[in-house]
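A short write-up of the structure that comes next.
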Protein chains: 2
Amino acid sequence: MAEHAGVSVATVSKVLNDRHGVSAATVDRVRAVIAELGYESSLVARSLRNQRTNVIGILVWDIEPFSAELLKGAARAIRGTAYELVVYAGGGKGSGRVGWERRYLSRLSGTLIDGAVLVTPTVLDVDGGAPVVAVDPHSGRETVPTVDADNLQGGRLATEHLIGLGHRRIGFLGRPPRDLESGPLREEGYRSALADAGIPADPALVRVADYDENDARNTVRELLSLPDRPTAVFAANDMSAIATMEVAASMGLRVPEDLSVVGFDNVPESVMSEPALTTVEQPIQMMGRLAVEILLEMLAGREPAQRHVRLPTRLIPRASSAPPPGR
Amino acid sequence: MAEHAGVSVATVSKVLNDRHGVSAATVDRVRAVIAELGYESSLVARSLRNQRTNVIGILVWDIEPFSAELLKGAARAIRGTAYELVVYAGGGKGSGRVGWERRYLSRLSGTLIDGAVLVTPTVLDVDGGAPVVAVDPHSGRETVPTVDADNLQGGRLATEHLIGLGHRRIGFLGRPPRDLESGPLREEGYRSALADAGIPADPALVRVADYDENDARNTVRELLSLPDRPTAVFAANDMSAIATMEVAASMGLRVPEDLSVVGFDNVPESVMSEPALTTVEQPIQMMGRLAVEILLEMLAGREPAQRHVRLPTRLIPRASSAPPPGR
DNA sequence: CTGAAAGCGCTAACAG
DNA sequence: CTGTTAGCGCTTTCAG
């Protein structure tokens, strides 16, 4: 910012921050120059000096469909507030992935951001001064406020839907338990719904595949090749769900006449590739929105109403589920 | 960063930046402390001191479906590079909307980011030192490299599709011309396709509505209430398209038996609300990806292969378009 | 009412 | 090999 207005930096700073003690004439002159040059003070330098920046950080490992969806909700929550949004996607340039949230936070907090939303963090023992909210944390809830989807209820929802249609042999496709907390919870929902309906769980119908297209397809093929194959499948993540639809088609099984399928979306885009798929949907945007709202509460020095929000999922019935053959 | 390791800040800095002139023992000790604390140097302080930050900024007015989609493409382009991504959504806290890109740039460039992608900027006379690429600029291309969708070709595509099905009375729903450059271009595509097919353009069939749900619906109702009403409508933005589907249904018109509809998506989500809609689709992710790739070229000191990229749109045929009644 | 000077966390140049 | 020092752009005392 050159001294186009013929005053000192200090004076400009005062004008920018609406400090009193500057003559009206000077204010006008400086304002004019500012407007003309489209100038704004460097966020970086300012935040190095000041405590507050009025900027909220959303820290993500990467921007993919899930986090992008979440960002929309976060942006909505911030509209009408005095805060600005900075999304930081480090993409793991530094060391490995584990503990990324702590490194990113260390990189941004104290300066640049007043608080942060951590999206799908691996660990939660963050302590750095700034307020933090975690969305969909891998490991359980700790002291940090969290927002997540009710995966247990979601698993139950999918399974009850199929049971309600008359299915009794219902397959389950999950992920290896190490991955996230959400996988086992969906399976537990499946099991508890079966139990409630008095249907014994058949271990042969419960399968696990890695997050890999081929692996998912092979697993589905095995499941559907069983002598007493299931009449319905609850595919508890989008990759499994898509694989199920494809493999069923390739095996000449009609959906839903021969096989009903219910998916569980991590990603809203799944609808585009499989518009017919009945799915359990997570309120991803709402998760982002709530996370920011909680963070704003904390920044305002208030205790948030809830420290751990668990949002219900919703079942969207589409063409891929119907009563079993012979009903 | 406390001096847990019992050395000076300078030494830590050297270790962090892999500078030579530090004993192996010291390096190890410092590294251990860094790893333990999950420390990373403050992006802010570092970027204030250094010229390069290895961070690319994506400057958006707000995060909504269009920009969120674009971010996915940008994130993909950045994977595997040494750059990190910062998305800045100012949301217009400062002054009004016009010229926001210049203010944001002034706020971030020079410090924090090495270069920026401006998403849907209003003006382009940005000059600030850092390299900049504009995506979908409102006003025409200037010196700044740009990436946009070929709205002219898209408008033609939609219209040719309907003509090919046998329609001759094709309505057009657009926006007031002031808004963006893209609106008039879609209309021009519509007109030129009609002209090429030797169909005279009927001014009564060309309507304009603001970006407002009610206004859009009223306009559609007028159009469909015409004595000699169109057998097809090209709704050149998502709001018009959705309004057309709804109003047609409310008027007892079956789509596509009585009326064919083709939309033009600004937003991939439209599919979810109207899965049956035939649409012209913009390659939004690709736009984000290319913008970042061009920026990376510039940052590497190379002249990008193309300074103005215009990507073709694609027609996705769905159930809402069919030959006109009586064919 | 205005300007000069210190210091935010960091890195580069230099001295020890 | 290590520590000390200056200064990045800004805001905030504190003198003029």
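Atoms CG (A:L112) and C1' (C:dC10) sit 15 Å apart, rounded to a whole Å. Nucleotide D:dT11 holds its C1' atom 14 Å from the CG atom of A:D18, rounded to whole Å. Between the CG atom of A:L16 and the C1' atom of C:dT2 there is a distance of 16 Å, rounded to whole Å. Distance CG (B:N17) to C1' (C:dA12): 10 Å, rounded to an integer number of Å. One atom, CD of B:E40, and another, P of C:dG9, lie 17 Å apart when rounded to the nearest Å. Between the CD1 atom of B:I113 and the P atom of D:dG9 there is a distance of 16 Å, given to the nearest Å. Atom P of nucleotide C:dA12 and atom NZ of B:K14 are separated by 10 Å, given to the nearest angstrom.
As judged by a 4.0 angstrom heavy-atom cut-off over every strand, A:S23 is placed among residues touching the sugar-phosphate backbone only.
The two atoms that bring B:R307 and B:T143 nearest to each other are NH2-O, 2.7 Å, heavy atoms only. Among all heavy-atom pairs drawn from A:M286 and A:L311, the shortest one is CG-CD1, 3.8 Å. Taking every heavy atom of both residues into account, B:I294 and B:Q306 meet most closely at CD1-O, 3.9 Å. Residue A:L59 comes nearest to A:W100 through the heavy atom pair O-CH2, 3.5 Å, listed as atom of the first residue, atom of the second, then distance.
For A:R19 and D:dT12, the shortest distance from a side-chain N or O to OP1 or OP2 is below 4.0 Å. Put simply, B:Y39 has a side-chain N or O that comes within less than 4.0 Å of OP1 or OP2 on C:dC10. Residue B:T11 places at least one side-chain N or O closer than 4.0 Å to OP1 or OP2 of D:dG3.
Side-chain contact between B:V119 and B:D136 is absent, with no heavy atoms from C-beta onward closer than 4.5 Å.
Remark: A:S42, A:A45, A:R46, A:R49, A:N50 in residues 42-54 of chain A come within less than 4.0 Å of DNA chain D through at least one heavy atom.
The residue among A:A24 and A:A10 whose nearest nucleotide of DNA chain C is located toward the 5' end is A:A24.
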For residues 67-76 of chain A, dump all side-chain donor-acceptor pairs below 3.5 Å to protein atoms at least two apart in sequence or in another chain.
residue	atom	partner	partner atom	Å
A:S67	OG	A:D62	O	2.9
A:S67	OG	A:E64	N	3.0
A:S67	OG	A:E64	O	3.2
A:S67	OG	A:E64	OE2	2.8
A:E69	OE1	A:K72	NZ	3.0
A:E69	OE2	A:Q285	NE2	3.0
A:K72	NZ	B:E269	OE2	2.2

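In this structure, B:Y104 and B:W61 have parallel ring planes: the angle between them is below the 30° cut-off, well short of the 60° mark.
If you check C:dC10, D:dT11, C:dA13 against the side chain of A:S41, the one that comes closest is D:dT11.
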